[in-house]
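Notes to accompany the following structure.
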Amino acid sequence: MMLINDSAVIDYSHLITTRPYDVRRVVISDLHLSADEPALVQAFLALVDDLIALPNLTEFYILGDWFDAWVGDDSYLSLTAVEVKQHWLTPIIDKLTQLSAQGCQIKVMHGNRDFLIGQSFCDLFHGELITEPYLVTIGNQNFRFEHGDGLCTDDKSYQRFRAIIRNPLIKWTLLKRPLHKRIALAQKIRQKSALDKTHKSMSIMDVNQQAVLRALKPVDVLLHGHTHRPAVHAVVTDKQNNPTKPRYVLGDWRVINPDNSYQQVEAVIAVSTSTELEQKESLQLVRFMIKA
Ligand code: LP5
Ligand code: MN
């Protein structure tokens, strides 16, 4: 396994400044954006600014937990014009709209915290809501993209909760409830989840190897987030012959020095590149760091 503090991990700024023409796709997850963390919001806006400047970027993926909690698109769509102007999401929508206008497709996947995002919200910036698992070919490899919570099958209480809350009928019923009730319910779920997590071991909250093998079977590479343990794993798929397939894990977005005036945001994201000469696209994890 290659851990992400390995010095071999490429620096994002170096990559986009030295090879701006080569960058084709950017994949991120687990930002947990909210009005309470302006540094993360600023970091996301800074990333999108960079992406707008990349001449050959074709796809930008957000693989879940873009938001800390999403209680329904109407939380934004029902705002008055005055409220929209002041809302923290408005600059995000504006910048993403600019990115779409440049010809970059924006693809948004649900995470466990924002599974109520709808296509109506994504329409605001001409993005596409995609479902997991999402299969994509990069170079000559078939990738499976997913958020990652579905792979944590040892976390029985979470999986029970997930099966209930993601049931289409339950989702529909939840969305019918008044907004203030949904906000209150989301708060209760967060508190209960935070408390429950203190009793769970790290291994229970990680992916299950059998689930990983199942996911990898029809593809060449698995890429997910959720566990907040960025790494590149070589998964042994056949014990006899010892062949391996890669499992890329994206990192969550973190504010470094939160109590300090010099705040930085750090994340591990994935970037694919292809030189115009070689025309062979490949993906790698890179360290994204920005002053907030
Ligand atoms: O997100 P993370 O990594 O911290 O934790 C997850 C699992 N927890 C969750 C819950 C989210 O963190 C918070 C949800 C935000 C709100 C979403 C919108 C809500 C919409 C509903 C309103 C319209 O997904 C956590 C996993 C962890 O990943 C690692 O994989 O362990 O799972 C849990 O902790 C779940 C608990 O084990 C079971 C929770 C039961 C909640 C029951 C709700 C009770 C409500 C009380 C009402 C009186
Ligand atoms: Mn998650």
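Indexing begins at 1, ligand by ligand and atom by atom, following the structure's order. Excluded from the calculations below are hydrogen atoms, water molecules and symmetry mates; all remaining heavy atoms, backbone and side chain alike, are included.
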Identify whether the distance between the nearest side-chain nitrogen and carboxylate oxygen of [X] and [Y] falls below 4.0 Å.
| X | Y | result |
| --- | --- | --- |
| Asp196 | Lys192 | yes |
| Asp68 | Arg113 | yes |
| Arg162 | Asp155 | no |

> Would Ile52 and Tyr21 show up in the same hydrophobic cluster when neighbours are defined by side-chain heavy atoms closer than 4.5 Å?
Replying inline: no
> Does Lys291 NZ have over 12 foreign heavy atoms under 6.0 Å away?
Replying inline: yes
> Which protein residues have a heavy atom under 4.0 Å from ligand 1?
Replying inline: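 Within 4.0 Å of ligand 1, the protein residues are Ala69, Trp70, Asn112, Arg113, Leu116, Asp155, Ser157, Tyr158, Phe161, Arg182, Leu185, Ala186, Lys188, Ile189, Arg190, Lys192, Ser193, Asp196, Lys197, Lys200, Met205, His226.
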>> Taking 2.8 Å as the distance threshold, tell me the number of protein N/O/S atoms next to the Mn ion (ligand 2).
In response: 4
> Mind checking who shares a hydrophobic cluster with Ile183, ILVMFWY linked at side-chain heavy-atom distances under 4.5 Å?
Replying inline: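 Via sub-4.5 Å side-chain contacts, Ile183 links to Val71, Leu179.
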> Which residues, ordered by chain and number, are linked to Leu216 in its hydrophobic cluster, where ILVMFWY side chains connect at heavy-atom gaps below 4.5 Å, directly or through other members?
Replying inline: Leu135, Leu151, Val207, Val212, Leu213, Val219, Leu222, Val235
>> Ignoring hydrogens and geometry beyond distance, is a side-chain donor-acceptor pair present between His224 and Arg144 at under 3.5 Å?
In response: no
>> Treating Thr18 as the side-chain partner and His14 as the backbone partner, does any N or O pair qualify as donor plus acceptor under 3.5 Å?
In response: yes
